[in-house]
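Right, one structure below, let's go through it.
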Amino acid sequence: MGRIRDTGLIQEEPLIFEKGRRGRRGCSLPEWEVDEVNPERVIPSHLLREQWDGFPEVSEVEVVRHFTRLSQWNYGVDSGLYPLGSCTMKYNPKLNEEVAKLQGFSKLHPYTPEALCQGILRLMDELGAFLAEITGMDAVTLQPAAGAHGELTGLMMIRACLRDRGERRSRILVPDTAHGTNCSSSTLASFQMVGIKSDERGILSAKQVKEQMNEEVAALMVTNPNTLGLFEEELGEISEIVHQRGGFVYCDGANLNALMGIVKLGDLGVDVVQLNLHKTFSTPHGGGGPGAGPVAVKRELVPYLPIPVIERQGEKYYLNWNRPKTIGKMRAFYGNVGVMLKAYAYILSMGGEGLKRVSELAVLNANYLMKKLKDHYHLPYDRPCMHECVFTDRYQEKNHVTTLDIAKRLIDYGFHPPTIYFPLVVKGALMIEPTETESKDELDRLIETMILIAKEAEENPDLLRQAPQRVKVRRLDEVLAARKPKLRWSPK
Amino acid sequence: MKDFNRYLPHTPEEIQEMLEEIGLEKVEDLFKMIPPPYRLTKPLNLPSPLSEMDLLRSLESLQSPLYSSFLGGGAYHHFIPSVVSHLVSRSEFYTAYTPYQPEVSQGTLQAIFEFQTLMCELTGMEVSNASMYDGASSLAEAVLMAYRITRRRKILLSETVHPEYRRVIQTYIDPEHHEVVSIPYLKEEGRTDPYSLFHHLDREVSAVVLQSPNFFGIIEDLSGISERVHQEGALLIIGFSEALAYGVLKPPGLFGADIVAGEGQSLGIPLSYGGPYLGIFTTREKFIRNMPGRLVGETIDLEGRRGFVLTLATREQHIRRERATSNICTNEGLCALMATIFLSCLGKEGLRELSLKNLSKAEYAKKLASEIRGCRIGFTSPTFNEFVLELERDPQEVLRELRREKILGGLSLARFYPELSNHLLVTVTEMNRKEEIDKWAELLRKAMGR
Amino acid sequence: MKFPEELLYSETHEWIREEGNRVTLGITDYAQRELRDIVYVELPEIGAEFKKGQSIGVVESVKTVTDIFTPVTGKVISRNEELKDHPEYINTDPYGKGWIVQMEIQQKEELKGLLTAQAYQGLLPKEE
């Protein structure tokens, strides 16, 4: 590559291992203060590390420039509209970031005696109560680290309750619109997944559930609104059917952004629901986490909650480890507290009125988009949607333009693409979730852009097929990456 | 206009325009599809919204006081260079999603590739994923992976593995299909009893699970174990909770481990009352397709330029669905970035020096403690930055006295090991100043003198 | 797309070449086209026995995974090790270099239930 860089302000930047020089250091460490111990005097030499060559040797300036440049290749919510369906990429309030940095939380060791942790325990207890109120459930565990983790927790609780009853139900009904984690969580919890089809309206029918529900089925897993962005209108009736035959209703709460203050999942008969704090409750996605996946349950499942459970005696909060029917623990310690702090601050900033407004505007935005784009993109289910809507590439097929091409062309116009090829029930799906934090101006810009892209697909489809152009790297070879996996840097 | 509207850009006029465009009269009409009995008529019972200032004040008051601490046991108070928090606060990193569209996520992807490389170096293994939730769940997933590979029912799990990690493993496995055999530790030395281990090792064992340094801070001697484990067709899984130990100790990969899974919180991640932390998961190339978690791979683009993508996604939940290697989706991406920046700052020399400082300070504290009447070093084996003290007084009472002087003197082991009811786990890092350690020792002496 | 006349086909898109008491098995030109670039093939162990209709392995492209089913009962006696380094042979030469396994079969009557090239083609969705 040489020293000359000709890519303008979007700089090229090698791997950190390809930088630096022998002897360079990037930090200032606390002083020795005590005598340096020669490790060989206290530890047998065959247990000691002999070389550190794989670690970089760079200065602080190099570290800062390296990661600053890397960050400039990324697109985040702070860069612009991020319409990924089912991800709820809403704005992350900066106040919440400040809250998480407060040292009386960030420097707190998890084994600090409870008497010194009353504040954080109270916060966690209140957060649980808020989430229970929003979902219409009876109790909450904050332990799971992400949505999928929460799903597994919820399913394990169902399994424990059934075994407690002496029942051996082995099946979980999973709709064809389900998120992939629903299926894999079922397997991890030792259940067998049985598919259930959505009907021509794109939702589950009570009739279909009645046919498939029996005493072998432990639970029905449902997402509401579902991944087509549609409200599961028959869920109330469906829950009754499932309960009548002794099963549970598990709800994947990833799409809660459409429902806050509008309807309570508990009222619809849901027994367990996991929430995604990094979706609905505005905590940042972090490029792949950390998130948090609290699970809210109805009374019947409370004995099975993971330990410890935060409880209150008078004014004092404590961690209760003595819960004989608990499923156990899903991770060390109590949950992603750093993430909970942000969600807590969010709920306190919005209040009930604000959260309802959030859902109203999220649904308004999605319906507005749907109406404005339906003449240009094929809408497989032409019905009022909730917080997200799904289009396909059917109108563009005749020009040999695919959903992938449309997505890549959006990048050239400064947008992050929507979710593509999910849900699987729709061929060539394009799932758009604007969220409530996008203004009408921004939506109009997306609409105009997408209409332009649809026109390009008719008149000059190569523009889409060659997209993206205005990026650092174009159409990376995923086949090569899978055939010859290169998963780490190695010295020559 | 309520303050929370700073996050909701719509003006009443815009809302009207949009409703008109859709063909509705009022916002409530958007929810017509919800059957009336379920539509909420009352507002949510939540506190009234707070202004930014009131919120901060209210949260500030919930903070805990910060005492001088000798607590460890899976979470460690280490130095975090200012550069780390500064760089991860760049919103292009923290407000980004999972890098499914590689053209707009090369920053995240390259950083993860660097993370994967660093984790291999740290653990001495061949391949790493992009992170798991924490050390405990990472170790549990390692056990599940061993079941998938060997198709056998049993694991041998040392009692010196962190008690909470063991509990998590027990939770993850289904007792109807799998069995956990507990391997005791040697009473004097505090390390896994090798006789018991090899006695139970047979062809029904899927994996042997050990931790080093173990929960008592003791460095387990892993020599010769992998050979015997492999002879029986089983896998050797090594867990850890103090990642910095490998700055001075030989990593488990060099002892023939098949999977190394543990906690990376020590690498630049705040204590944060237990989370978010960083699960590290590394293994051998031959097991790649059985691995859980995301993987970033190097490739080239249309014009031959180097780039990075998520790869081998067919193992994961969104493709393989019910037959996936795990259900993990969102992991601890930003924490992995913190660790990458941390290790870049420290570099080769810094990592070694930081680890040695931990060892030296802990040895200093150990020496002081061993000279106190009524205090005895609990186990004879070598340790890194944690060690066990046996006291002739009830440790809870001793800790209470230290607490009055604003010192969290250690972790009483009675709650985890009933047979160690007189024992304390003491952790010393580079963050404990010499005068702090001297004070701790002095107060301990006073407490034991009573 | 090609569908050699001398082969037999299954509804799940595998082809069979009969060789006395043995068969060679692979996936059809249609299957490889649907899968697109194949990145990995999970082959069964030599000596593994399968009943008719069981999955004997898996074929992966970047974004999909699909089972390979055996339309006959048999025991694996050899497998195409080349596919480890060259999974793309299934794309470029599905009936030749892209063969997957060879099996010894026990119930030759099962072959009667398989489809001819014409019958198989008739099952495929019509090209638009």
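Both backbone and side-chain heavy atoms feed into the values below; hydrogens, waters and symmetry mates do not. Note that the coordinates shown come from a computational prediction; the quantities given were computed from them, not determined experimentally. The sequence lines fix the lettering, A, B, ..., with proteins before strands; numbering per chain opens at 1.
A salt bridge links B:K361 with A:E33; the closest basic N to acidic carboxylate O contact falls under 4.0 Å. Look at A:R475 and B:E103 and you find no salt bridge, because none of the NZ, NE, NH1 or NH2 atoms lies under 4.0 Å from a carboxylate O.
Contacts between B:L87 and chain A at a heavy-atom distance below 4.5 Å involve the side chain alone, from C-beta outward. Using a 4.5 Å cut-off between heavy atoms, B:E363 touches chain A through its side chain atoms alone. In this structure, chain A has heavy atoms under 4.5 Å from both the backbone and the side chain of B:Y97. Both the backbone and the side chain of B:L302 come within contact range of chain A, with heavy atoms under 4.5 Å apart. For chain A, the nearby parts of B:V248 are the backbone and the side chain; heavy atoms of each come within less than 4.5 Å. For B:Y364, the part lying under 4.5 angstrom from a heavy atom of chain A is the side chain only. Of the atoms belonging to A:K408, it is side-chain heavy atoms, and not backbone ones, that fall under 4.5 Å from chain B. Using a 4.5 Å cut-off between heavy atoms, B:F93 contacts chain A through both its backbone and its side chain. Proximity to chain B (any heavy atom under 4.5 Å) is restricted, for A:H278, to the side chain, taken from C-beta onward.
Applying the salt bridge (charged side-chain N to carboxylate O under 4.0 Å, His left out) criterion to A:D35, with sequence neighbours excluded, gives no partner residue. The salt bridge (charged side-chain N to carboxylate O under 4.0 Å, His left out) test applied to B:K32 returns no partner, not counting sequence neighbours.
Checked by atom type, the side-chain pair B:S105/A:N74 shows no donor-acceptor distance below 3.5 Å. A donor-acceptor contact under 3.5 angstrom links the side chains of B:R90 and A:S71, judged on distance only. Donor-acceptor pairing under 3.5 Å is recorded for the side chains of A:S190 and B:D174.
Relative orientation of the A:F333 and B:H162 rings is perpendicular, given thresholds of 30° and 60° on the angle between their planes. Ring geometry, A:Y334 versus B:Y273: the interplanar angle falls from 30° to 60°, so the pair is classed tilted.
With chain B as the partner, the residue from A:E97, A:R122, A:E478 showing the most heavy-atom pairs under 4.5 Å is A:E97.
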